[in-house]
Amino acid sequence: MSDVFFAPSDGLRGVVTAPPDKSISHRAALLGAMSTGTVRITNYLHAQDTTSTLDAVRRLGAKVEASGGEIVVSGVGLDGARSPGGPIDVGNAGTLMRLLPGWLASQEGRSFEIDGDESIRGRPVDRIAEPLARMGAVIEATDGRYPPFVVRGTPLRAISYVLPVASAQVKSCVLIAGLSADGTTTVTEPAPSRDHTERMLAGAGVRVLRVGADISLSRASHLDAQDLTVPGDLSSAAFAIAAALLVPGSQVLVRDVGVNWTRAGFLQIVRRMGASIGGELEVVPAPGAPVATSEPICDLEVQAGPLRGTTVEGGEVPLAIDELPLVALLGCFAEGETIVRGAQELRVKESDRIAGVVDGLRGLGATIEATEDGFVVTGGGGLRGGTIDALGDHRMAMLGAVAGLASREGVTVLGMDAAAVSYPGFEADLAALA
Ligand code: S3P
């Protein structure tokens with residue numbers, strides 16, 4: 001475990017390219033494995049989480065080759081997953097753990113055991129086991145709820161499923177299972193969440209319909225996944241953006257950021273806080289518009305300046321779920337109160353991100369209180385500095401680093417190596433800007 005000190009910084013300057021999107025990389029590899037042909041993926045994320053996905057699809061029979069900076073996946077088809085002959089290790093990757101069973105549940109006569117690291121063993125899978133069981137799948141989880149768990153493949157029937165939480169992982173799992181289910185599968189979202197799976201399936205020739213909060217698809221004979229370029233990850237870019245907003249005198253250009261509207265909540269929130277961020281975000285599509293088949297990107301010009309507090313309510317939470325810890329950090333420097341509500345999902349991420357953020361930032365001098373479903377920050381005082389524990393969570397590690405640059409005395413992050421789960425080049429990128 002590596003402990004790293006981040007000193008207070010002078011203004012950040014320069015250009016940084018956002019690392020490839022983690023959510024989209026996972027999906028691209030999975031859909032490639034499920035398709036019948038060969039898919040070239042440009043700008044695939046090479047990080048611990050997405051390497052777990054390549055390893056998993058290889059174990060299931062897909063061919064994965066690296067060629068000239070691209071990843072080429074030759075799939076086994078919707079019903080062709082091979083028995084891996086031992087547990088599939090998803091490492092720390094919650095998205096892999098929750099999307100993969102959607103495919104495996106329909107593999108008749110084959111069983112698959114899924115396990116992961118210590119953090120994964122504490123993350124609930126009942127949220128996918130429940131709808132999959134309704135489709136006829138057999139899932140045996142530890143204590144009925146946790147990994148390791150076994151998926152036994154069986155014919156599936158379509159369901160209409162109202163998501164109890166706005167989770168893109170659960171939505172994606174049910175839609176992927178729906179590709180092999182008898183009938184039309186419909187998922188109803190309580191609020192929009194990231195729609196990368198829908199876009200990619202539509203791009204692979206599946207008729208995906210969105211009517212209001214309902215997303216439907218029917219059994220597909222095969223997937224015709226298209227070659228794909230992964231956009232930059234806004235969730236990773238958000239750390240450089242936050243640093244540039246907080247360190248006085250900063251001016252940073254962040255290149256090639258994915259600005260799909262279902263992901264761009266963080267940018268909307270910080271603009272509301274008064275942040276200067278140039279760049280054109282995707283507009284929310286009109287009701288009834290067909291599901292898009294591509295992902296928009298743009299360059300973002302970020303400049304430091306004063307911020308004011310804001311309130312983030314439940315409907316906005318899924319659009320910024322992984323960036324909410326950064327909203328807390330920005331809140332420490334903003335005038336007035338910053339409040340996040342309806343974000344109880346943060347408690348079941350790679351760590352309990354409400355407890356971790358509140359205890360961590362308070363240890364650095366913040367005035368912040370936890371609530372059941374979020375936090376309240378009283379801003380204006382900035383941060384003194386000190387030590388923060390990443391708790392094995394990549395986003396907590398990077399939060400601590402940014403806090404250090406913006407603090408008065410600097411911050412030591414315990415367990416900085418966790419950043420490699422999603423952003424192995426993080427420290428180098430930050431250093432280049434400082
Ligand atoms: C993800 C969805 C979100 C997010 C996670 C990635 C995805 O989780 O927090 O980092 O790729 O679908 P939930 O869908 O559980 O909210």
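Each ligand, and each atom within it, is numbered from 1 in the order the structure gives.
Using modelled atom types, no side-chain atom of R341 and backbone atom of G314 make a donor-acceptor pair closer than 3.5 Å. Remark: the backbone N or O of E189 is not paired with any side-chain donor or acceptor of K171 at under 3.5 angstrom. Under the 3.5 Å distance criterion, the side-chain polar atoms of T50 are left unmatched by any main-chain donor or acceptor of S25. Using a distance-only test at 3.5 Å, with no hydrogens or angles considered, no donor-acceptor pair links the side chain of S218 to the main chain of T184. Put simply, the side chain of T371 gets close to the backbone of G374: a donor and an acceptor are under 3.5 Å apart.
For atom 15 (O) of ligand 1, the nearest protein heavy atom (residue, atom name, distance) is S167 OG, 3.2 Å. Looking only at protein heavy atoms, the nearest one to atom 4 (C) of ligand 1 is D322 OD2, 3.3 Å. Protein heavy atom in closest approach to atom 16 (O) of ligand 1: K349 NZ, 3.1 Å. For atom 12 (O) of ligand 1, the closest non-hydrogen atom of the protein is R27 NH2, 2.6 Å. The protein atom (non-hydrogen) at minimum distance from atom 6 (C) of ligand 1 is T95 OG1, 3.4 Å.
Contact annotation: for R194 versus ligand 1, heavy atoms closer than 4.0 Å belong to the side chain alone.
Residue-to-ligand polar distances place A168 within reach of ligand 1: an N/O pair is separated by less than 3.5 Å. Ligand 1 has no nitrogen or oxygen under 3.5 angstrom from a nitrogen or oxygen of K22.
Between V312 and L324 the shortest side-chain heavy-atom distance falls below 4.5 Å.
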